[in-house]
Amino acid sequence: MHSWTQRLMGAATTAAVLLAAACAAASALDAFHIPAVQAQAHVTKINRFHKQINGNDKVTLTFNVSANLESLFTWNTKQVFVFLTAEYENAKNSLNQVSLWDHIIPDKEHANVQLEVKSKYPLIDQGSSLRGKKVQFVLHWHVMPNAGAMIRNRMTLSEFKLPDTYTS
């Protein structure tokens, strides 16, 4: 005969094992989900391109972002964090990434994004190597599940060239 504490511990252990199995199954099922993200981003205006007092180049942009992220949502998706980066090369680094815009998408109903937005964060280069530089827009997303591992991915969208001279 078992005491009530032993029975309680047995029930709690069984519940914890079943919960862990459900979380593992949710994570495994998400591994088989292949989303079909469709997105575009284009610069509509270079608002300001100048050299800061400390010698760094600084650019503020206005751009269109269009993305259909509905396919990222499954029954296990809590929310999706999406952000747009500008990527370029210079003499110091083979890859420079600067975040320009970000957004949290709470559910599938808000997953179709159509915006014209001024860059939330400016494109600042540590140095003065942005003049005439080719820059790529890259859309990144992090799918945050209710249970399981976070899924990250990215998509290269478009390329644009910065002016050869500073603007004001």
For this session: Quick one: sort the His140 and Phe83 rings into parallel, tilted or perpendicular, breaks at 30° and 60°.
Result: parallel

Exercise. Taking the side chain from Ser119 and the backbone from Leu61, do they hold a donor-acceptor pair closer than 3.5 Å?
Worked result: yes

Problem set entry | Within one Ile-Leu-Val-Met-Phe-Trp-Tyr cluster: Val138 and Phe63, side-chain cutoff 4.5 Å | no

Problem set entry | Hydrophobic cluster identity match, Met144 and Trp141, side-chain contacts under 4.5 Å | no

Exercise. When you check the side-chain N and O atoms of Gln97 and Thr85, is any donor under 3.5 Å from an acceptor?
Worked result: no

Problem set entry | Shortest non-hydrogen separation from Asn68 to Glu70 and the atoms involved | OD1-N, 3.2 Å

Problem set entry | Presence of salt bridge, Glu87 and Lys134, under 4.0 angstrom | no

Problem set entry | Thr62 side chain to Val117 backbone, donor-acceptor under 3.5 Å | no

For this session: Determine whether more than 12 heavy atoms belonging to other residues, nucleotides or ligands lie under 6.0 Å from atom CE of Met155.
Result: yes

For this session: Determine yes or no for a side-chain-to-main-chain donor-acceptor pair under 3.5 angstrom, with Asp57 supplying the side chain and Leu130 the backbone.
Result: yes

Problem set entry | Minimum heavy-atom distance Met150-Pro145, with the two atoms named | CA-CD, 3.9 Å

Exercise. Is the distance between the ring centroids of Phe160 and Phe137 less than 6.0 Å?
Worked result: yes

Problem set entry | Whether Thr74 side chain and Asn76 backbone form a donor-acceptor pair below 3.5 Å | yes

Exercise. For residues Thr44 and Glu116, is any side-chain donor paired with an opposing acceptor at under 3.5 Å?
Worked result: yes

Exercise. Are there more than 12 heavy atoms of other residues, nucleotides or ligands under 6.0 Å from atom CD of Gln126?
Worked result: no

For this session: For Ser158 and Ala41, indicate whether the former's side chain and the latter's backbone hold a donor-acceptor pair under 3.5 Å.
Result: yes

Exercise. Name the one of Val143, Asn153, Val82 that satisfies side chain to side chain contact (heavy atoms under 4.5 Å, CB included) with Leu72?
Worked result: Val143

Problem set entry | Interatomic spacing from CG in Leu18 to OG1 in Thr13 - rounded to 0.5 Å | 11.0 Å

Seminar exercise, completed: One should read off an interatomic distance between Asn112 CG and Glu109 CD, to the nearest 0.5 angstrom, of 11.5 Å

Problem set entry | Evaluation steps, side chain to side chain contact (heavy atoms under 4.5 Å, CB included), between Lys120 and Asp102 | CA-CA 8 Å; Lys120 192 173 181 179; Asp102 58 31; 2.6 Å; yes

For this session: Indicate the atoms forming the closest heavy-atom contact of Pro106 with Ile104, along with that distance.
Result: CD-O, 3.5 Å

Exercise. At what distance, to the nearest 0.5 angstrom, does CZ of Phe49 lie from OG1 of Thr165?
Worked result: 8.0 Å

Problem set entry | Contact summary for Ala111 and Phe73, nearest pair of heavy atoms | CB-CE1, 3.8 Å

For this session: Evaluate side chain to side chain contact (heavy atoms under 4.5 Å, CB included) for Asn47 paired with Lys118, printing each intermediate quantity in order.
Result: CA-CA 9 Å; Asn47 300 325; Lys118 184 179 175 187; 3.6 Å; yes

Problem set entry | Heavy-atom closest contact (Pro163 atom, Ile46 atom, distance) | CD-CD1, 3.5 Å

Problem set entry | Straight-line distance of Trp4 CH2 to Gln6 CD, nearest 0.5 Å | 11.0 Å

For this session: For side chain to side chain contact (heavy atoms under 4.5 Å, CB included), just list the numbers for Val37 and Ser71, CA-CA rounded to whole Å, side-chain angles, deciding distance to a tenth of an Å, and then say yes or no.
Result: CA-CA 6 Å; Val37 172; Ser71 65; 4.3 Å; yes

Problem set entry | side chain to side chain contact (heavy atoms under 4.5 Å, CB included) assessment of Gln52 paired with Ile124 | CA-CA 9 Å; Gln52 294 179 311; Ile124 299 176; 3.9 Å; yes

Problem set entry | Note, Tyr88 side chain near Asp125 side chain (heavy atom, < 4.5 Å) | yes

Problem set entry | Transitive ILVMFWY side-chain link Val65 to Tyr121, under 4.5 Å | no

Exercise. So, does Lys133 use its side chain to make a donor-acceptor pair with the main chain of Glu89 at under 3.5 Å?
Worked result: yes

For this session: Tell me whether Leu162 is reachable from Leu157 by hopping between hydrophobic residues (I, L, V, M, F, W, Y) whose side-chain heavy atoms are closer than 4.5 Å.
Result: yes

Exercise. Can you hop from Phe81 to Leu100 via hydrophobic side chains spaced under 4.5 Å?
Worked result: no

